[in-house]
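First the structure, in the form of structure tokens, and then the observations on it.
Because the structure is a prediction, the values reported are computed rather than measured. Residue numbers begin at 1 in each chain, while the letters A, B, ... track the order of the sequences.
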Number of protein chains: 2
Amino acid sequence: METLPDKTVERLSQYRRSLNNQLAKGKEHIFSHEIANLLHITSVQVRRDIMLIGYSGTLRKGYDIKELVHLIGVILDTDDGQKIAVIGMGNIGKGFIHYLYEKRSKLKIVAAFDINPEKIDKTYADVYCYHLDKLEEIIKKENIKIGIITTPPQVAPEIADKLANAGIKGILNYTPKPLSVPEDVYLEEYDMITSLEKVAYFVKEE
Amino acid sequence: METLPDKTVERLSQYRRSLNNQLAKGKEHIFSHEIANLLHITSVQVRRDIMLIGYSGTLRKGYDIKELVHLIGVILDTDDGQKIAVIGMGNIGKGFIHYLYEKRSKLKIVAAFDINPEKIDKTYADVYCYHLDKLEEIIKKENIKIGIITTPPQVAPEIADKLANAGIKGILNYTPKPLSVPEDVYLEEYDMITSLEKVAYFVKEE
DNA sequence: TTCCCATTGTTAAAATAATAACAATAATTT
DNA sequence: AAATTATTGTTATTATTTTAACAATGGGAA
């Protein structure tokens with residue numbers, strides 16, 4: 001399949017979670033406008049996204065939730081799952097680990113890294129924390145493909161370099177320090193302060 | 001001034017922080033391509049953003065960093081600052097408080113809320129944690145205008161309602177539960193799992 | 001002094017994303 | 001059985017964002 005638009009991929013992730021909730025409630029079929037209401041978006045957008053992934057509903061009955069969830073899985077997941085490392089065991093790093101804990105997801109955080117002796121060689125929500133020195137070794141050994149950087153910003157660039165060298169193919173950068181990575185590494189950056197300043201701006205303006 | 005485009009506002013926040021770093025290093029003027037390099041974007045984009053906020057550099061000398069930082073402040077900040085509440089003292093809530101701690105920013109987290117007795121009536125990085133029951137009272141009393149929701153997703157909608165009722169004008173929703181708010185409240189949503197699944201998808205595709 | 005060149009500021013074009021419009025169709029009502 | 005209605009799927013339109021193109025300017029070089 002053609003690579004999907006960024007925003008569609010984001011929504012697929014959200015559709016899936018909402019749809020799983022509905023499944024858990026015993027619902028089997030759903031209309032585009034119902035999905036839209038769950039996410040507070042428009043039904044056109046839902047139908048367009050579903051069109052893009054090549055699924056079809058039935059007129060008057062809507063979409064088969066189970067089938068749709070399955071198809072989203074085929075698109076977003078890999079068969080054997082993807083392994084993730086968290087670099088930086090601060091609040092945000094722990095937050096990620098905690099979020100994914102106990103979710104039977106195809107995404108698995110399999111290692112954490114830090115330099116604080118109090119955190120090293122301990123386990124948080126089943127994730128073992130190694131010294132940062134072991135970064136490349138463990139990533140290669142475990143064949144980890146995704147890294148989440150939640151360190152202090154100053155060290156983020158060198159972490160990114162090490163990750164890329166060790167064979168990581170996707171980086172989620174949570175530090176406010178903009179990174180640059182080799183072409184074959186997918187980079188997603190998110191800056192909490194920027195979000196907050198954005199809210200502040202629009203509050204001020206309206 | 002006309003309301004600026006979303007993406008420009010986001011970048012202004014980032015320009016400011018990078019420019020402050022440069023100031024701290026003693027640099028006084030900067031070219032658009034230098035700013036671009038710091039953020040790993042293009043110089044056209046930098047110039048266009050700067051045009052939109054109505055600032056002008058000098059040919060051959062670039063932009064006066066101090067002036068530019070000041071102007072971004074005029075645009076993003078309010079004179080007396082904006083007060084913020086964090087609802088949910090988990091990892092992410094603490095992360096936000098920690099991030100803003102000691103930064104002499106116009107954004108000030110002035111209260112946190114939780115229902116866990118171990119957290120209530122304690123202080124984390126100078127932020128006092130109240131019982132959730134006090135939410136509306138404190139928000140009104142302190143005239144808090146922005147709320148960051150970092151609670152478990154199930155309770156997010158009711159928190160949002162309370163915030164809106166108490167007079168909050170901007171909400172940053174960190175839970176994966178999509179919210180809807182009154183028209184006069186600005187809502188920004190961010191979902192960590194979506195980001196991660198997006199990275200996973202593009203890693204898989206490339 | 002004249003020409004070159006780096007750099008800005010701005011308009012034009014392209015890419016991406018969201019919304020609107022509407023034809024097709026099958027269930028339901030009359 | 002015909003008409004109505006709710007809903008999908010898709011194309012067309014509009015809005016937003018990024019990128020490209022390039023004229024203007026003034027400092028420095030020739």
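For the pair Lys94(A) and Tyr124(A), the distance from NZ or CZ to the six-membered ring centre is under 6.0 Å and the angle to the ring normal is within 45 degrees.
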So if I define the base as every atom that isn't primed, P, OP1 or OP2, how would nucleotides 15-22 of chain C read as a B/S/- string at a heavy-atom cutoff under 4.0 Å? --SSBBB-

Worked verdict on Arg17(B) versus Asn20(B) for side chain to side chain contact (heavy atoms under 4.5 Å, CB included): CA-CA 5 Å; Arg17(B) 270 170 292 158; Asn20(B) 273 325; 5.6 Å; no

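When the P atom of dT19(D) is taken as reference, atom NE2 of His33(B) falls 18 Å away, rounded to whole Å. dT16(D) atom C1' lies 14 Å from atom CG of Leu4(B), rounded to whole Å. For the pair Met51(B) CE and dA24(D) P, the computed distance is 17 Å after rounding to whole Å. In this structure, the CD atom of Glu34(B) is 13 Å from the C1' atom of dA6(C), given to the nearest Å. Between the CG atom of Asp49(B) and the P atom of dT16(D) there is a distance of 16 Å, given to the nearest Å. In this entry the distance linking CZ of Phe31(B) with P of dG9(C) reads 12 Å, nearest Å.
Here the straight-line distance linking atom NE2 of His131(B) with atom NZ of Lys119(B) works out to 12.5 Å at 0.5 Å rounding.
Within 4.0 Å of Ser32(B), counting heavy atoms only, lie sugar-phosphate atoms of the nucleic acid but no base atom. Ser56(B) comes within 4.0 angstrom of sugar-phosphate atoms only, judged by non-hydrogen atoms across all strands, and of no base.
Here the side chain of Leu59(B) is nearest to one of dT11(C), dG9(D), dT25(D), namely dT25(D).
Ring geometry for Tyr190(B) against Tyr174(B) counts as tilted: the plane angle lies between 30° and 60°, on a 0 to 90° scale. Taking the six-membered ring where tryptophan is involved, the planes of Tyr55(B) and Tyr63(B) are tilted, since the angle between them lies from 30° to 60°.
Contacts of Glu28(A) classified as side chain to side chain contact (heavy atoms under 4.5 Å, CB included), with partners at least two apart in sequence or in another chain: none.
Partner of Thr175(B) under the side chain to side chain contact (heavy atoms under 4.5 Å, CB included) criterion, chosen from Thr150(B), Ile149(B), Ile87(B): Ile149(B). Across Asp77(B), Val9(B), Asp6(B), a single residue satisfies side chain to side chain contact (heavy atoms under 4.5 Å, CB included) together with Tyr201(A), and that is Val9(B).
Contact check of residues 60-68 of chain B against DNA chain C (heavy atom, cut-off under 4.0 Å) returns Arg60(B), Gly62(B), Tyr63(B).
In the displayed structure, His70(B) atom NE2 is contacted under 6.0 Å by at most 12 heavy atoms of other residues, nucleotides or ligands.
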